[in-house]
Novice: 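Could you have a look at this structure, given as structure tokens, before my questions?
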2 protein chains.
Amino acid sequence: MGQPDGADETAHARVTSYDVARLAGVSQSAVSRAFRDGASISPDMRARIQRAARELGYAPSNIARALITQRSRLIGVVATRNTARNNPDILFHLGHQIQEAGNRMLVFTLPDTDSGEGIPDDLFAYHVDGVIAATSLPDEVLAACARRRIPVVLFNRTGPAASVSCDHATGMRDLVSHLVRSGTRTPAFIAGPADAPVSVERLNGARDAFAAHGIALDPVVHSDYSHEGGRAAAAQLLAICRPDTIVCANDTMALGVIDACRHELGLRVPEDLGVTGFDNISQSAWPSYALTTVAQPFEQLTRTAVRMLGELVEGEAMPRERRLMPARLVVRESVVGEGHSGPEAIPAAAQERNPP
Amino acid sequence: MGQPDGADETAHARVTSYDVARLAGVSQSAVSRAFRDGASISPDMRARIQRAARELGYAPSNIARALITQRSRLIGVVATRNTARNNPDILFHLGHQIQEAGNRMLVFTLPDTDSGEGIPDDLFAYHVDGVIAATSLPDEVLAACARRRIPVVLFNRTGPAASVSCDHATGMRDLVSHLVRSGTRTPAFIAGPADAPVSVERLNGARDAFAAHGIALDPVVHSDYSHEGGRAAAAQLLAICRPDTIVCANDTMALGVIDACRHELGLRVPEDLGVTGFDNISQSAWPSYALTTVAQPFEQLTRTAVRMLGELVEGEAMPRERRLMPARLVVRESVVGEGHSGPEAIPAAAQERNPP
DNA sequence: GGCGATATTGACTGCGAATGCAAGCGCGGC
DNA sequence: GCCGCGCTTGCATTCGCAGTCAATATCGCC
């Protein structure tokens, strides 16, 4: 321990490659090469340098490295609060998988109202190698990224950039098929915010799927993706009509609907009213709800997004590729089963593999 | 691509301060000063430069800036999956407040099993100005940060570093007082993982508080903070004894306990058995559960952590300051009320300000 | 034993911005 | 009218590392 060295240098600001070089008796270039895979360096020199580096606690600076290589190994992830709330796993999975690829996740959180205009400057300031957008980015922002050659992958939305999405429409179709087989004839819909692309896809998917069966989806009310929003929408909706099933644009609202029915409106679910969601959040599996829903393959989605972005950074992928990942119907007990009624419906496993 | 080079330079890799300087007819230093508050520069020169910068879409590089100023404006946040799952708002709030202070959040996600040994090198590689640890970091990691003069704020745990925590023990004491007043005499406890500091604090807090009333907390079983874990622990526990109240170390397990009671064990909550949680997650307020719990002031906690870290970075705060923020009892209907019984217990507002 | 080929190594420059220093400028006071 | 002061501005240097180029060491082969 201690630096007997020249004067009293105990508080050296930062250990640099020069420090390691001096200790190991080699040049700075050698130290640099010792930390770069595939660099031209002999095994024993590398070993010697790494021993010295360990002694000093040296780690190469990604900042300096970024400056010279033009690769920061930083991935910008843009998300709103809703992203974090609606499925906390998304951020975790993204972070984890970005790390596995040897990069780091730089999070840009937007208030739900902010459109993200101010984002790009910050993105550029940190030289992010790529961006994953889990919220809608204005086209100008995407254009600015394109101009800077910063690849962008949109997550669960489309736009003038590559994207990875869950196939909400097909998922909705599977769900609707199940509902129609189970007897649904007068469905209503509780959508998310009118400007949320995911909600729009799910709504259109449901409307089209019901239409294919000659059934109208009506009424459609908009809410805000929250439990309280679902509760309020249910109260509003059930005050004016009596659908046999309420299809919700996400699970959280569906759970709110169920709570409203049971605790405020005196309706039984599923006997008096079927309720479905979308997302398969963990709460939906809880026995108090047993929500029939559609699962997004989050891990697969995030993994694909990260991989695709990596390929774009390396210049290996098409810049506008659109990937759709299949959703999966999860049948539980919040709608009456086919030809059955009540909670003892067909077990989930028997349903999940049905062709549409 | 092809580099027509020479003439056609539309695709300049990156806009630098030199480009702006050339366009504005000034020196690079001037450009630098135009983007630094308080720098010595005349108003009209700054205006001219900013006009040129806007024209070119220039933003100063934080990477280069970090190299010379030794300030990256990056805050490392270390979290596990549990952090993300148990309260998704933590990450969002942290990110948001870090941004408000003009910094960015660099997320280090650990698998729940990883102890974080590999973290420090990455932390140093990115020159983070400070670290917020929402998971337990090994002492060697903290020591390594201290050696590098990287301030660390521990979130909801203590250790050889500054910390911001919720006062779990006092919160538990308030909860226990409420329980005892409500008639609890034979409480049991479902703890989190035995090595989770937060769980230990809550367990000890509960045990001490009951002991002060001459009541033994027994049995105590350990689980994993999950809904399923709570369900299983309840089944296990109720197979061997019949407590009048089950106190859980977090809300998620408490909700699992309630579901187990109602859907598997044929017990009514709160009539046959009281159940309490800790955290006040959003689901606890849902009418299906109406969980009596203790709220952590998350926004306040994260705000304090970010502020304290900022002060440490600026050298203004004490390096080992420990801040405790008060928890707040939230009385709902998962335990029978004082002198009452059943769901029509005393409204929450009447309870929340009682002295212990 | 000599030659070229190959593998290592070191000196040096530059990534993009910040900043100490000195020069330039305008202005007031004598 | 000249000197000096304060405000701006430009020059040159620096942060830590990667990669280019040239120099040297090592080796195989004839």
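Proteins come first, then strands; the chains are lettered A, B, ... in the order of their sequence lines, and each starts at number 1. Atoms considered below: every heavy atom in the structure, side chains included; atoms not considered: hydrogens, waters and symmetry mates.
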Novice: I need the CG-P distance between A/Asp19 and D/dC15, as an integer number of Å.
Specialist: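 From A/Asp19 CG to D/dC15 P: 11 Å.
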
Novice: Take the protein atom OH of A/Tyr126 and the nucleotide atom C1' of C/dG16, then report the distance between them rounded to whole Å.
Specialist: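 In whole Å, C/dG16 C1' and A/Tyr126 OH are 15 Å from each other.
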
Novice: For B/Thr83 and B/Thr80, does a side-chain donor sit closer than 3.5 Å to a side-chain acceptor?
Specialist: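 Yes, side-chain donor-acceptor contact under 3.5 Å.
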
Novice: Rounded to whole Å, how long is the line connecting atom CG of B/Asp37 with atom P of C/dA18?
Specialist: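 My rounded result for the distance is 11 Å.
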
Novice: Quick check: do B/Cys166 and B/Met325 have side-chain heavy atoms less than 4.5 Å from each other?
Specialist: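 Heavy-atom side-chain distance check fails, nothing below 4.5 Å.
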
Novice: What's the separation between atom CG in B/Leu74 and atom CG in A/Asn62, rounded to the nearest 0.5 Å?
Specialist: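 It is 10.5 Å, given to the nearest 0.5 Å.
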
Novice: When the aromatic ring centroids of B/Tyr58 and B/Phe35 are compared, is their separation below 6.0 Å?
Specialist: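 When the ring centroids of B/Tyr58 and B/Phe35 are compared, they turn out to be within the sub-6.0 Å range.
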
Novice: Contact class for B/Ser32 (heavy atom, under 4.0 Å): base, sugar-phosphate, or nothing?
Specialist: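 Base contact.
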
Novice: Given D/dG19, is OP1 or OP2 found less than 4.0 Å from the side-chain N or O atoms of A/Arg36?
Specialist: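 Yes, because at least one side-chain N or O of A/Arg36 sits under 4.0 Å from OP1 or OP2 of D/dG19.
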
Novice: From A/Asn156 CG over to A/Ser136 OG, what is the distance, rounded to the nearest 0.5 angstrom?
Specialist: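 Rounded to the nearest 0.5 Å, the CG-OG separation comes to 10.0 Å.
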
Novice: Please report the distance, rounded to the nearest Å, between CZ in A/Arg65 and C1' in C/dC15.
Specialist: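 To the nearest whole Å, that distance equals 15 Å.
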
Novice: Quick one: A/Leu67 CG to C/dT13 P, roughly how many Å, whole number?
Specialist: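 After rounding, the reported distance stands at 18 Å.
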
Novice: Using atom CZ of A/Phe35 as one end and atom C1' of D/dC17 as the other, report the distance to the nearest whole Å.
Specialist: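 Roughly 12 Å, once rounded to whole Å.
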
Novice: Would you mind building the protein contact string for nucleotides 7-14 of chain D? One character per nucleotide, 5' to 3', B for base within reach (heavy atoms under 4.0 Å), S for sugar-phosphate only, - for untouched.
Specialist: -BBBBB-B

Novice: What integer distance in Å separates A/Arg22:CZ from D/dC17:P?
Specialist: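 It is 12 Å, rounded to the nearest whole Å.
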
Novice: When rounded to the nearest 0.5 angstrom, what is the spacing between OG in A/Ser72 and OH in B/Tyr126?
Specialist: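 These two atoms lie 6.5 Å from each other.
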
Novice: Between D/dC17 atom P and A/Leu56 atom CG, what is the distance in whole Å?
Specialist: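 Value for this atom pair: 12 Å.
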
